[in-house]
Every structure is written in C-alpha cells, then in structure tokens.
Number of protein chains: 2
Amino acid sequence: MAINKKSEFLSDEIYLSDFARTLGHPARIAILKTLAERHECICGEIVEVLPLAQSTVSQHLKELKNMGLIQGTLNGPKSCYCINWEKLEEYMDSFNKLTTELLTKKPTALCCK
Amino acid sequence: MAINKKSEFLSDEIYLSDFARTLGHPARIAILKTLAERHECICGEIVEVLPLAQSTVSQHLKELKNMGLIQGTLNGPKSCYCINWEKLEEYMDSFNKLTTELLTKKPTALCCK
DNA sequence: AATATATATCGCAAATATACGATTAAAAAC
DNA sequence: GTTTTTAATCGTATATTTGCGATATATATT
C-alpha cells in the first residue's frame, strides 16, 4: 500500500467509512448489543459473553471507545462500560442521510442491460 | 491471529458486520454514491472519479460485487456497473433493525457514574 | 491482420487488523 | 502486608486489506 489514500476522499465519506469499519467486526456489534441490553457492564461481563480472550475483548472495547461509541469509567479495579448514545445517534443519523441520499436517486428503469 | 473466530458469532451479527466492513472504506462509499448519481457507469468513469489506480478500483468493485451490492455486465470491452437496489435495501433494512433494536433499549438515566 | 482500448487478474509490498499469552498496575480482600 | 481480582497494555504471530505495476484477455478500430 505504501501510502494511505484515505485522506484524499471527502471528509463525509471518511467519517462514514470509519463508523462502518468500526461495526465491521461481529464482536463489536455484539458488544454494542450487550451494552444496550444491560445498560452498563463491567469488562468481565462482556468477556463472558464473547468467544474471545480478555485481551482481545479489551482491544475491541478500546476501538469502540476511540470512535466515541462507548465510554468506560474506572470503578475500583473494575471498568464500567456503557454506550455513548449521543455519539451513536450522530453516526446513525449520518448513515441514514447517506442511505436516503442513495435511495432518492434510485432509477425507475433497469440499468446495465 | 491463527484462527478466525468470526464464525462463532450469531449469523445476524456476521451478516451485518460483513455489510459494515464493505462500507468501511471511503472508496466503496464513493463508488456507491457515483453509481446512484449516474445510474450506471463503465469502470473507466469510476476510475476517473477516484484517486486510485485502475487495478485498485477494480478490486473495490469486485468486493462490492461479491457482497451483491452492485452488478457488472460486460458490454464489449467495457464493463457496465450499477447498484443492486434490492440487495442494498435488504442490507439497509437489517441495519435499521439493529439500530432500532439498540435505541429501544436506551435508558433514561445516565450510566457508569 | 495489426493496433488500440478497456478491464480483470496476478504478483508483490506495505499497512492494518485480529487474536492470544504474558506482564503490568491498581484496587480489594484477606 | 500479602494475595487476589480486574482490566489495560505489550509483544508477537498470523491474517486480511490496500495499493500498484505488469500482464492477460477480449473486443473495437484501423
């Protein structure tokens, strides 16, 4: 690859693709579902639910946190995670805007005959 | 990584994460936007729009095609691409179901104090 | 027939992502 | 004060993704 060409795209496209890439692993979707269900979890609870080692789960949590989709606060030796709804909804809105934009351009006739 | 743990997740989570991963690169989002805008494009038109080499664009097109999101038909030496709306809407619906499912579980009180 | 055009594929290099065990750090329990 | 518990980080191995040039293939054009 040598050079990362990502920066040459529109910032909107980068923003959306970063969100999509973050959801691009089943573990991270499962984590969001678990957190939504339970409202908050300590790391260990999430590890129990996933078929992955603790260190791997910790990495996925870090990635979700870096994207702002979840937040974790220390609670003694434990670390309590929950969804950052504001941020999640912001990303969802952007995604919905894209899908709406695409759908409004859906042609009536068939293409590429 | 040694072993791919993806298969140990729920098929629904795998399905969604595959879709998300496919949108996880700005080039593929840009391709979908271009195809929606123009209804159909030959490969060369897409190459013109993107800041990537022809062979790289061809790879991204292949990935979108493998996921069923676009279809390409040969037209002489040219290859005409368009969006597979049925499939795209199917993925979007699944994604919307996830977001709805998450949002219905949004708590009223703050978590992780 | 020879040449030009268009695009898919191959082969390779580099970057990124995934996964785990081992270690570290910090608080809790004893 | 020592031990245990919890989770983050480090180091490392492997897999996957991204990107390009070169090549192959197939159709148009001349």
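In this text, all values refer to a predicted model and were calculated from it rather than measured experimentally. Chain naming here is simple, since letters A, B, ... match the order of the sequence lines and numbering starts at 1 in each.
At a cut-off of 3.5 angstrom, the base of D/dA8 holds no donor-acceptor pair with the side chain of A/Gln59.
The interatomic distance linking B/Gln54 (CD) with C/dT9 (C1') rounds to 10 Å, in whole Å. Between A/Tyr81 atom OH and D/dT6 atom C1' the separation is 11 Å, expressed in whole Å. Rounded to an integer number of Å, the gap from A/His25 NE2 to D/dA15 P is 15 Å. In this structure, CD1 of B/Ile42 is placed 13 Å from P of C/dT5, rounded to the nearest angstrom. Regarding B/Asp18, its CG atom lies at a distance of 17 Å from the P atom of C/dA17, rounded to whole Å. Here the C1' atom of nucleotide C/dA15 and the NZ atom of A/Lys6 are 12 Å apart, to the nearest Å. As rounded to whole Å, 14 Å separates atom C1' of D/dT18 from atom NZ of B/Lys62. Going from atom CG of B/Leu52 over to atom C1' of D/dG19 covers 8 Å, rounded to whole Å.
Put simply, the residue from A/Leu88, A/Ile70, A/Ile83 that forms a side-chain contact (heavy atoms from CB on, under 4.5 Å) with A/Leu64 is A/Ile70. Applying the side-chain contact (heavy atoms from CB on, under 4.5 Å) test between B/Arg28 and each of B/Glu63, B/Lys33, B/Arg21 identifies B/Glu63 as the sole match.
In this structure, A/Ser58 reaches the D/dA8 phosphate: one of its side-chain N or O atoms is under 4.0 Å from OP1 or OP2. Close to C/dT18, at under 4.0 Å from its OP1 or OP2, lies no side-chain N or O of A/Thr56. Using a 4.0 Å cut-off, no side-chain N or O of A/His60 falls inside it from OP1 or OP2 of C/dA17. Of the side-chain N and O atoms in A/Arg21, none sit less than 4.0 angstrom from OP1 or OP2 of D/dT17.
Residue B/Ser79 is in sugar-phosphate contact alone, with no base atom involved, counting any heavy-atom pair closer than 4.0 Å across all strands shown. If you check every strand for non-hydrogen atoms under 4.0 Å, B/Leu61 touches nothing.
Using cut-offs of 30° and 60° on the angle between ring planes, the pair B/Phe19 and B/Phe95 is perpendicular.
Under 4.0 Å is where a charged nitrogen must lie from a carboxylate oxygen, and between A/Lys105 and A/Glu101 at least one such pair does.
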Inset, instruction - Check the pair A/Thr22, A/Asn66 against side chain to side chain contact (heavy atoms under 4.5 Å, CB included), reporting the backbone distance first and the verdict last. - result: CA-CA 10 Å; A/Thr22 304; A/Asn66 285 342; over 6 Å; no

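Judged by closest nucleotide on DNA chain D, A/Lys78 is the one of A/Lys78 and B/Gly24 placed further toward the 5' end.
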